[in-house]
Protein chains: 2
Amino acid sequence: MHANVKQNVVPLITPGLKVACSQCNLRELCLPFGLDDTDMARLDSLIGGGRKLKRGQHLYRAGDPFESIFAVRSGFFKTDVLTEDGRDQVTGFQMAGEILGMDGISTEHHTCNAVALEDSEVCLIPFTELEVLSSEIHSLQHHLHKVMSREIVRDHGVMMLLGTMRAEERLAAFLLNLSQRFSARGYSHAEFHLRMTREEIGSYLGLKLETVSRAFSRFQEEGLISVQQKHVRILDLPRLKALLAPPDGRIARPA
Amino acid sequence: MHANVKQNVVPLITPGLKVACSQCNLRELCLPFGLDDTDMARLDSLIGGGRKLKRGQHLYRAGDPFESIFAVRSGFFKTDVLTEDGRDQVTGFQMAGEILGMDGISTEHHTCNAVALEDSEVCLIPFTELEVLSSEIHSLQHHLHKVMSREIVRDHGVMMLLGTMRAEERLAAFLLNLSQRFSARGYSHAEFHLRMTREEIGSYLGLKLETVSRAFSRFQEEGLISVQQKHVRILDLPRLKALLAPPDGRIARPA
DNA sequence: CCATCGCGTTGACTAAGATCAAAGGGGCAC
DNA sequence: GTGCCCCTTTGATCTTAGTCAACGCGATGG
């Protein structure tokens, strides 16, 4: 049993390549949020169909000319930056309904790599045309700005994590974040499959893979989660959340 | 001698409160970038004058309703996030020409605090009106998107720093970044004053203030910089840059 | 002009996570 | 179906930065 436990909605299988926003059950999580039928139809006509990627394939690479942003229709991605001096940092994991590629707007070239961590499908959204349309549809324009701003806020959260949290706190925050996002997509909040390796988790969290593995084991010993390879089940959500208590112990961990 | 060493251009004194973009010598670094005279005049009319802040004053606080973004006209700011569990992370330092407040777009409320680190002045840019204008002026719209995207890319750089670098590498990267930004504003790239405390630097870099202080001392011992309180002079730029060599030693530090 | 307080520096010790190493297990390709 | 390789786990040791503490300087305000 490796597929995620489905709760209620959202059949993630994309039947054909051309699925319109108006028909898409992710629309409330994605770019079309808040559009009326007419405007949604205009957005539909702009979206350049889908693109399927096999696991391991790059959606784009750092340096590629920027033309489009992408909405994840199904599957799972990571983005990472690597510098000329050999450093490698995973900057995010993206799932259905989330937008990829906005890093490329500023320089007209992508500044990170986006890789599918499982077979995936994205919608292609040509950016120049999106700008034209968004100058005509105010709610689209505003929502685009919100999506970009949300990315900035998300990044601040990661900076907080990397700057102030200890290893186990980071992993707890990571699991809680995944849980919440799976839940928002109609999957179980308590049981899911990690699509990424310990090393990728470590890179994202600023830890080594051994540290991630040890933290997983520790959580399991303590009865917070059960974990077997990539399969995770959250057993004690309240205590997992309590791990994020302040480092100064002002609010001591409730034993 | 505490004022920054001025090199050539940019008199940073703002004579009156109402300085138009078209007259501003920061316009090439700021929002009006790339606008022609007509469009610049329209942007002028939108900008709600300036606001002066004394050192230590908040420009906005987390939770404040979002109405405007701000362009730093003069002075120096920090932004920081603090969570209910008592963590505190400086997410950035902003200087003349840089844009503040875009974090607030996504939730209609600011998600971080912005504090003046010296007496400062900002231009107020009402966001709703900016959206209206940018839907009419394509180059303004596009530049706004670039500014937001640049913030995302900058955040990725900080994530890289926090995720992969050691203490001295972080400080070197920080000094080089400041140097480059001062230089872009017509100040010396080699000599400047830090507006922030060791603790604020530490928070930004994910280090304790003692570690920051020790790293400064070490750099000075090694002849890379001279540092006295908040006054820094870069003595050996190449070797400072070489500190950012890869952690795996593939390119060994040139002795 | 002096007292004070905040900021910065430095030292000794501690703890967290990295590093090095080895072995087991699962999934994928053939 | 089987074998191989990558991923993961776990242990022992080492390094780095954090913690705790004390002191000195300098700016600020009375």
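First the proteins, then the strands, lettered A, B, ... as listed; each starts at 1.
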**Student:** Is any side-chain heavy atom of A/I152 less than 4.5 Å from a side-chain heavy atom of A/H156?
**Tutor:**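 The answer is yes, as the side chains (C-beta and beyond) meet within the 4.5 Å cut-off.
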**Student:** Which whole-number value in Å describes the distance from A/H231 NE2 to C/dG25 C1'?
**Tutor:**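 For the pair A/H231 NE2 and C/dG25 C1', the rounded distance is 18 Å.
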**Student:** Would you please confirm or rule out a distance under 4.0 Å between OP1 or OP2 of C/dG8 and any side-chain N or O of B/S213?
**Tutor:**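 The answer is no; no side-chain N or O of B/S213 sits under 4.0 Å from OP1 or OP2.
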**Student:** Mind calculating the distance between NZ (B/K230) and C1' (C/dT9) to the nearest angstrom?
**Tutor:**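 Those two atoms, NZ and C1', are 13 Å apart.
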**Student:** Output, in order, the C-alpha distance, side-chain angles, deciding distance and verdict of side-chain contact (heavy atoms from CB on, under 4.5 Å) for B/F77 and B/F70.
**Tutor:** CA-CA 11 Å; B/F77 288 81; B/F70 306 91; over 6 Å; no
**Student:** Can you check whether B/F93 and B/Y204 have ring centres sitting under 6.0 Å from each other?
**Tutor:**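 Yes; B/Y204 has its ring centre under 6.0 Å from that of B/F93.
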**Student:** Return the 5'-most residue of the pair A/E210, A/Q228 with respect to DNA chain C, ranking by each residue's nearest nucleotide.
**Tutor:**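 Final value for this comparison: A/E210.
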**Student:** Does a nitrogen or oxygen in the side chain of A/S217 sit under 4.0 Å from OP1 or OP2 of D/dT10?
**Tutor:**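 Checking D/dT10 against A/S217, a side-chain N or O does come within under 4.0 Å of OP1 or OP2.
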**Student:** Starting at CE of A/M165 and ending at P of C/dA15, how long is that distance when rounded to a whole Å?
**Tutor:**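 Taking CE of A/M165 and P of C/dA15, I get 23 Å after rounding.
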**Student:** Check this one for me: any side-chain N or O of A/R198 less than 4.0 Å away from OP1 or OP2 of D/dT8?
**Tutor:**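 Answer is yes, contact under 4.0 Å.
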**Student:** Given atom CZ of B/R218 and atom C1' of D/dA17, what is their separation to the nearest angstrom?
**Tutor:**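 Checked: the CZ to C1' distance equals 13 Å.
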**Student:** Do the side-chain N or O atoms of A/K208 get closer than 4.0 angstrom to the phosphate oxygens (OP1, OP2) of C/dT19?
**Tutor:**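 Result: yes.
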**Student:** Output yes when B/R87 and A/E169 qualify as a salt bridge under the 4.0 Å nitrogen-oxygen rule, no when they do not.
**Tutor:**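 Here B/R87 pairs with A/E169 in a salt bridge, since their nearest N and O are under 4.0 Å apart.
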**Student:** A/L207 CG to C/dT19 C1': how many Å, rounded?
**Tutor:**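 The answer, rounded to whole Å, is 14 Å.
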**Student:** Can you tell me how far C1' of C/dA16 sits from CG of A/L162, to the nearest Å?
**Tutor:**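 Going from CG in A/L162 over to C1' in C/dA16 covers 16 Å.
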**Student:** Regarding D/dG18, can its base be found pairing with the side chain of B/R214 as donor and acceptor, where the two atoms are less than 3.5 Å apart?
**Tutor:**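 Flag unset: no donor-acceptor pair detected.
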